[in-house]
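A short write-up of the structure that comes next.
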Amino acid sequence: MKHALSILVYNQPGVLVRVAGMFSRRGFNIHSLTVGITQDPRYSRITVVVCGDNGILDQIVKQLDKLVEVEAIQLLPPETSVRRGIAMVKIAAGGDKRSEVLKLAEVFRANIVDVAEQSVTIEITGDDDKINAFIELINPYGLLEMVRTGMAGLARGASTIYDYERRDCYEQIVL
Amino acid sequence: MRISGAQIIVECLKEQGVDTVFGYPGGTILPFYDALRDAPIRHILTAHEQGAAHAADGYARASGRAGVCIATSGPGATNLVTGLAAAFMDSVPVVAITGQVPTALIGRDAFQEVDITGITMPVTKHNFLVKDAAKLAETIRYAFRIAGSGRPGPVLVDVPRDIQTAAILFEPAAEPADMVPFAVAGAAVARIEAAAVAIARAKRPAIIAGGGAVAAEAAPEIAALAAKIACPVVSTLMGLGAFPASHPLFLGLTGMHGHKAANNCIHDADLIIAVGSRFSDRVTGDRAKYAAGKTVIHIDVDPAEIDKNVAAHIGITGDMKTILAMLVDRLAAGDNPSWWQTIAAWQEENRLPPAADKLTAPWLCGEIAVRTGGGGYIFATDVGQHQMWAAQHLKIETPRTWVTSGGLGAMGYGLPAAVGAQLAVPDKRVIHIAGDSGFKMTGAELHTVAAHRLPIISVILDNGGLGMIRQLQHAFFDRRYTACELPGVDFVAFAAAFGIRAVSVDTRDGFAAAFAAALASPDPQVIVAAIDPADLVSPMVPPGAAINAYLDI
Ligand SMILES: Cc1ncc(C[n+]2csc(CCOP(=O)(O)OP(=O)(O)O)c2C)c(N)n1
C-alpha cells in the first residue's frame, strides 16, 4: 500500500537529512519525496510517498512527530486530496512515429516541451497512475530517457496542514 | 552585556544548575575551557572522551539531572559517539558540547574537522551546529530542554571556535525553563477507564516495569497499583529499581536471562501492564508468542513505542505517574490466590540449590546484596555475564541505584558510569561490577577515580576472558571457543599503578573479607575475584525464542 504524507518542517540546514535518515534507519520505504519552500520562509514542506501497511504508516507518523524540526504532518489519502507529479520523457520519435507520439501526448494532455529532428520531449503532470499509464504506452516508441519528480499534494477543501495538532496517534485495535 | 560565546555557554550551564561537567580539552574547545576555569562548575578530566560521555550518562541516571560532557572537535567528538549511543538507547538526558573548527573552515577538511552532527544524528535525540553566534544561548537552553523533556535523550551542540570567541550580547534567561509534564488528555482518560475494566476482568495479570518507569519517577505509583490488586511485578533490565527487589510481589528480572518465575508469569499471564518498556527483543524473545492470548496494556511517555514492537490493546501515552495514579483510583482492591498459587510453585521449583562452596558470581552478588542491604549504595555494571548475574542476584530496591548499559550493551560503560554516578550522588557509595575484558576497555578511568579519591568499590569478576562470548559459543557454536580467552592480567598491579588499593581473591571467605574491608575503608577499592571461566549464566532463552523456552545449558 502506498501512502502520501505531507510534512511541514522548519527550514533549517540538515532537516531533509534528518527526515530522510529516519526513514532509512528504521527501514521504511520511500517511494518518492519532494521538498520545497512554502509561503512562510521559516518552513519547508515535504511530500513523501511511502510503502507499507497501516501499522508501518502509524509508526512513520509517530516517528516523524518526534523529530524536533517537524512541525506538522498530514496524511493525503487519494479520496480527499489532490496529488500531482511531473515526468519528462524523451522519445526517439523522428519521421513517421512522430505524429502518433504527439497524438498520444494530446490524449494525456501532456505538453511538448522540446522538439528536435530525432526526438521529442514530453512533459506530463498527474497522479502516479496517469503518469505510469502514459509511460507504459509511450515506451515502445523509443524512450531515450526520463525523469520524474515525486508527488506533491494538498488536501481537498478548506482543511490545511496548519489544522494539525500534536495528536494522540494511538488508534485502539481491539479490546 | 557583551560577553564571549564561551562565557555564554558557561552562563547557560549555570542557568541549568549544572554543577559538574565531564570532558577532555583540545584546540577548538579551549576558549570554553578558559571561560570554565573561573566558573563555579567542577570539571572532571577523564582518561578518554568515551569515559566523559559515560560519566555524564551515569551522572544523569543516578541523579535524574542532565549530565554534561565536553570534547574537542575531530577525534574528541568521535570518541563521544559510543557514550551518546548508550545514552540514546536507554533514554538518558545528556548534553554534549563539542568544539568545532572555525566556521570559515567548515567543509574544507580542516585539521580535526569532522561532521559530528552528521555522525551523531542517529544516536542523539537532536543535535545542533551553532553557526550564528546570536543563537548560541537559546540553542544551549533548547538543548537542555530537549534532553530532559518527554522521553529523555542525549543532545549534542557543536560550537565552532570562532563562535566561542565572538563577543555576543547576552541576556540571562527570564527564568529557568521548567519541564512541563505531558498532559493526560481526553482520549487517554477513556483508555485508562478501559484499562481499569480489562484489569478488573483479568485472572492472571502481571506488571512489567521498564526503564521508562525509573525515568518517570513512577515507582510509588507502580507500588500502589501492584499492592491494590496484588499483582505480580517483573522488571526488565532497565527497570530494576522501579519496584523493590525484596517486595513479596516482585518476581525478578524478565527477558533472555530473566528469572524463571518472572518469565513464566509473563508467558502465562492473561493481561500485562507494561510501564515504560519498549518491548525490546531481549525482553520479548519471539514477539508473536510473547503477546499471544493476552491483553496488552502499554503505558509510555513516547507514543511511538505503542504498537512498535508489540501491538497494544490499550495504549496510554503521557506522564506515567499521572496515568498510573488515575488507574489505581479506578480499581477496586483485590487479591488473587489462585494466580499466586501458580506463581509460588514456580518460585519454589526454581529456588537456587545451595551450591558447593566455590566462589561463583551468583554467590558473590548475593553476598554483596546482603552486605549492602541497608541501602545507601548504587550499583553500576559493565556488559556481559557479570551484568546478568548482577541483575539476577543483587537486590535493587530503589530507583536510580542501578546503572547499566541495557539497550546498547556497551562494554567499557561500567567504570566511567560509576564515576559519574559517584560524583552525582556523593552520599551513596557506588559499587561497580565488571568483567575482566570490559574493564580493560575503560579501566584507565581508575585514574579519574584516584584523582578525585572517589570511594568506588570495583569488583572485577575475572574469568580470564570474554565470558559472555564463551557462553554463546558454548550454546550456539558447538563449544568451538574462539577469540574469548586471554592470558591473565595482573589487575592488582594495574590498580596499584594509579595508587588504588586492590586485592585478589579466589574463595568465598576471601571475597567476604575483602568486601568487608572495602566497605570499611573510605578509599577507592578494587577487588579482583577469580571465577571459573566455565560458569554459565542461567536461565537462558535463545534470542528469538518464546520467553519460557529455556535452553538447557
Ligand atoms: C564494545 C563492545 N564490544 C563487544 C561486545 C560484545 N560482547 C558482549 S559481552 C562480551 C564479553 C564480555 O567479557 P567480560 O567483560 O570479561 O565480561 P563477562 O562476560 O566475562 O562477565 C562481549 C565481547 C559488547 N557488548 N560491547
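Computed from a predicted model, the values in this text were never measured in an experiment. Convention: sequence-line order gives letters A, B, ...; per-chain numbering from 1.
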Legend entry - Other residues, nucleotides, ligands: >12 heavy atoms within 6.0 Å of A/E117 CD: no

Inset, instruction - Please flag which part of A/R25 lies under 4.5 Å from any non-hydrogen atom of chain B: side chain, backbone, both or neither. - result: side chain

Inset, instruction - Under 4.5 Å heavy-atom distance to chain A, tell me which part of B/D115 shows up: side chain, backbone, both or neither. - result: neither

Inset, instruction - For residues A/K66 and B/D302, report the shortest heavy-atom separation together with the two atoms involved. - result: NZ-OD2, 2.5 Å

Legend entry - Within 6.0 Å of CD1 in A/I37, more than 12 heavy atoms from elsewhere: no

Legend entry - Rounded distance [0.5 Å steps], CZ in A/R18 versus NE2 in B/H126: 4.5 Å

Inset, instruction - State whether the number of non-hydrogen atoms from other residues, nucleotides or ligands found under 6.0 Å of A/Q12 atom CD is greater than 12. - result: yes

Inset, instruction - Verify the neighbour count for atom CZ of B/R330: are there more than 12 heavy atoms of other residues, nucleotides or ligands below 6.0 Å? - result: yes

Legend entry - B/E305 side, atom CD; A/K62 side, atom NZ - distance, nearest 0.5 Å: 9.0 Å

Inset, instruction - May I ask you to check whether over 12 heavy atoms, not counting those of B/K131, lie within 6.0 Å of atom NZ? - result: no

